[in-house]
Amino acid sequence: MTPGYDVACIGGGLVGAAVAYGLQREGARVALLDQGDVAYRASRGNFGLVWVQSKGLGMPEYAAWTKRSSDSWAGLQAMLREETGIDASFERPGGLHICLSEAELQARVDQLKRLHNQRDMVQYDWQALDRKQTAALAPGLGPDVAGATFCPIDGHANPLKLLRALHTAIQRRGGDYLSEHAAQRIEKAGDVFRIATSGGTVEAAKVVLTAGVMNATLAAMVGLRAPVRPQRGQILVSERVKPFLNLPISTIRQTNEGSVMFGDSLEETGFDDSQGAGVMATLASRAHRIFPFLGQVRIVRAWAALRVMSLDGFPVYEQSESHPGAYLATCHSGVTLAAGHALHLAPMIAKGALAPSMSVFSARRFDVPAAA
Amino acid sequence: MFRRLPDGAQSLVTVTVDGRAVRVPAGEMAAGALYEAGLIACRTTPVKGKPRGPWCMMGVCFDCLVVIDGMPNRQACLTPVAEGMRIERQDGARTIAPMEIEA
Amino acid sequence: MTAPLAAAALKDRYQLAIVGAGPAGLAAATLAAEKGIDTVLFDEQPMPGGQIYRSVGKSPVRDRAILGEDYWKGGALVDAFQASRAAYVPNATVWQLAPDREIGVSVGGAARLVRADRVILATGAMERPMPIPGWTLPGVMTAGAGQILLKSMAMVPSGRIVIAGLGPLLYLIAWQYLRAGVKIDAILETTPRGNRWGAAAHLPAFLLSPYFAKGRKLLSEVRRRVRVVGMVEDIRADGGDKLQSVTWARGAERETIPADLLLLHQGVVPNVNLAMAAGCAHEWDAVQLCFNPVLDAFGESSIPGIAIAGDGAGIGGAESAAHRGRLAAIAAARALGAVDATTFGWEAPRHQGQLARTMRGRAFLDALFRPPHSFRVPTGDTVVCRCEEVTAADVVDAVAKGCPGPNQMKALLRSGMGPCQGRMCGLTVTETIAAARNRTPAEIGYYRLRAPVKPITLAELANLPASPEAVAAVVR
């Protein structure tokens, strides 16, 4: 049995690590529980966008939450770099969503207009660009490119360096990273949560479920619901290239190491994280149509990972009524929302109550209204 | 560093290694041309800029990467030479030039 | 055999697809074609022979005595294959093998997807990494690389040469070099004294095996003419931009030898990437100190319809590889209905018997040439991952911070993310983590490998066909 913690975060990916780090900044003694070397780990498959445009159609509060995280990201990066020396390579040069036909462009523009016309929608700039304007930002466009939507506050970061920075900071601040401690049962005994794991029992005054797809089974143990399902996404990665692409495109970005990432698919395949040549070919084909000159670049790696997708695609943040001190945090944008999780969500958990503005993210929104 | 055993009449081709012309047997892998030209290192690494030369000669180590006829990151040990082939050492990561390509 | 096929000439489907034209692949393809099976053989090289029989059809080495008779035997395998009706696709890079036996292959810059009812992987072995300090310097290469330069280009080293490590290839290349008139400055043997005790139990079988007589003759000739330092405990390569010297140590002894070429070798291990990416189960072999595929008696892997033959099935040498190839082919023939139960019943045991004969003596070699731990698990600044330039100290530090295994290590340090896809670092990373955590490599596991197992251009991938479902998953 390990000594009692103030908070145990169950799941050591981007959400858990960001929350744990934020809690430490509020003075909490934290444990970050993680599975072993082989686990689903959505964080390992993340594309790396810190993306604002197009978020929140159907829930304007999500747009605001996303923008707030994006605005705080540079601060998070600076803190982590100072504490650990690790640079999460965050840049916010603006981002493009490129469209391969006039119809696609029109549909995209309509979508963003609908998004920004929502009541209580947070204000930020965005533009529809024609082909020429797009080419000025991203030279070498293929003939199929009709235009793009541009948002000046979009950006990207290195998800793995972010994760490494968070883990390093957590340990430097005295937190315990407990790998091979897969949570099996959570029980509340008096004021203490007892978490039975594959590596022994861990006790904590509070528990935060940040276990990705595993949240679905753990949530019920603390009176919460996490209606999430795995949603497969495949990504291609190229050999390292000297820098040539200045800003991220929603499906193509050049990393700080020089490799170019190409994404992404949305596939409903349950827990099957195998790849498929057909999807890889389609990813390659769209990228090739956007930038024909990239045809000769070699793909050296590819993967399929499982996003953590809620019923409506928006995050779930919740605190338990039946098990006070238990919280749930799940989303599929662990990089974009990292700053929000560390700097805005974690303080709420530390205080013991999620702000009223977070109630829109509760899983109660999925309850079917009783028939009149 | 490597020299050729006397091998009698083999048809030779001319390739250039960093601009220098060398004669090598037709069909030989480009790595042979590198040694013919007296090179020991064929590139510098993208991460730390360290010099590297071929390690395995069978296509599994990816250390023998050179620029061949303008195409970077080609494995010299798996690319047979052809008349007029241009082989150049590669400096760090490959480059790519964004340019509009006619459809 | 038809003329070598280009990408466009490939059919969409074959009954049997074989990957690798070394002894296992050649023997398998020849037998399968003989049984009337529609067979295709893919190989990365421009000529058949794999690595051990590299260039055997066309070696520029004119003096047969230099390479030795075993090499030229490979010619018979190649001749038999070329006389068969199997389709042959050289210069082919297989970048994908899916569990449903869809093969992604790239030939002449064009990618194709080909299906097969049965697959035999014969991708062979590669040299075990030997991560000594300075092993990434230009001028340091594997003994196998030296041998390839000799066989396929008739090139021999000039200057000061040191050969180091252990295993039969060390003495073979030294012998071949001596025959070619090359002077070798030193052989540094890392075989620990203790290995002899471990090997002794297997000595009788070895003495009766084909390897004994050959090995003995080779060894004595080399030892007569070259300075050999035995039981070396430490080796480092030093230089600025290239190798300048090799330093060895044994107990209190230490010596620095100026050198222009250092050839390293400590045995061969299966080249697992394609098999693992296909999902074939592998397990740690504590004797051979590598991951071997889990196979039945005929080479079938954990994935039905995919068999593995040759050194990729477990290191056994060239002759064992050919017998394994034939066994896998006859099993495939049975599964495809090309041979009946009776034929299978008398042919299969024949190949099994021959395999048992050529495997005799391997246990002795495995025990005698078991690479010492200090040469498998480096320390300090020694590079572990050549592609991403990750050091042993980086790996050990990550373990100290809670990193449990190679896949988390990959995410933290990028080890295994370079173009070689972990071929040069996988075993080292697994064993380094195992040592740091006081666990076995079996418990630690290996990198999760995925397609593409060799790089493929964006344009080639883009031109592959995609189903409506695949397109809908991306275009939305």
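The sequence lines fix the lettering, A, B, ..., with proteins before strands; numbering per chain opens at 1.
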Take C/T142 and B/W55, measure what side-chain contact (heavy atoms from CB on, under 4.5 Å) needs, and give me the verdict at the end. CA-CA 6 Å; C/T142 62; B/W55 161 259; 3.3 Å; yes
Is a donor on one side and an acceptor on the other found under 3.5 Å between the side chain of C/R423 and the backbone of B/F62?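 Not confirmed, C/R423 side chain does not pair with B/F62 backbone.
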Considering only heavy atoms, which portion of B/D63 lies under 4.5 Å from any heavy atom of chain C: side chain, backbone, both, or neither?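 Contact with chain C is through the side chain of B/D63 alone.
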With a 4.5 angstrom heavy-atom cut-off, could you sort out which part of B/I40 is near chain C: side chain, backbone, both or neither?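 For B/I40, the contact with chain C is made by backbone and side chain together.
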Over all atoms of both residues, closest heavy-atom pair of B/G59 and C/K454: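 In this case the closest contact between B/G59 and C/K454 is O-NZ, 3.3 Å.
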Roughly how far apart are [X] [atom1] and [Y] [atom2], rounded to 0.5 Å?
| X | Y | atom1 | atom2 | answer |
| --- | --- | --- | --- | --- |
| B/M71 | C/T457 | CE | OG1 | 6.5 Å |
| B/Q75 | C/E44 | CD | CD | 7.0 Å |
| C/M141 | B/M1 | CE | CE | 5.5 Å |
| C/S152 | B/M29 | OG | CE | 7.5 Å |
| C/D241 | B/R52 | CG | CZ | 13.0 Å |

Starting from the C-alpha separation in whole Å, work towards a yes-or-no answer on side-chain contact (heavy atoms from CB on, under 4.5 Å) for B/R3 and C/M155. CA-CA 5 Å; B/R3 61 177 173 85; C/M155 283 190 131; over 6 Å; no
Are there residues of residues 260-267 of chain C whose heavy atoms fall under 4.5 Å of chain B's heavy atoms? If so, which?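 Near chain B, by residue number: C/D260, C/L261, C/L264.
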Let's test your reading of the structure: which of [options] forms the most heavy-atom pairs below 4.5 Å with chain B?
| options | value |
| --- | --- |
| C/G159, C/G418, C/P46, C/P60 | C/P60 |
| C/R386, C/Q51, C/E127, C/M126 | C/R386 |
| C/L243, C/T93, C/V140, C/T136 | C/T136 |
| C/R54, C/E389, C/Q421, C/K58 | C/E389 |

Under a 4.5 Å cut-off applied to non-hydrogen side-chain atoms, are [X] and [Y] in contact?
| X | Y | result |
| --- | --- | --- |
| B/F2 | C/V156 | no |
| C/P138 | B/P51 | yes |
| C/I66 | B/L5 | yes |

Considering residues, nucleotides and ligands other than B/R89, do more than 12 of their heavy atoms fall under 6.0 Å from its CZ?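 No.
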Count the heavy atoms belonging to other residues, nucleotides or ligands that lie under 6.0 Å from CG of C/D238, then report whether that count exceeds 12.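 Yes, enclosed.
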Residue [X] versus chain B: region with a heavy atom under 4.5 Å:
| X | value |
| --- | --- |
| C/N273 | neither |
| C/I161 | neither |
| C/M424 | side chain |

Begin from the C-alpha positions of B/K48 and C/E388 and carry the test side-chain contact (heavy atoms from CB on, under 4.5 Å) through to its verdict. CA-CA 9 Å; B/K48 296 183 182 168; C/E388 295 290 324; over 6 Å; no
Could you check which of B/C77, B/G53, B/C56 has the highest count of heavy-atom pairs closer than 4.5 Å to chain C?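 If we count pairs closer than 4.5 Å to chain C, B/C56 comes out on top.
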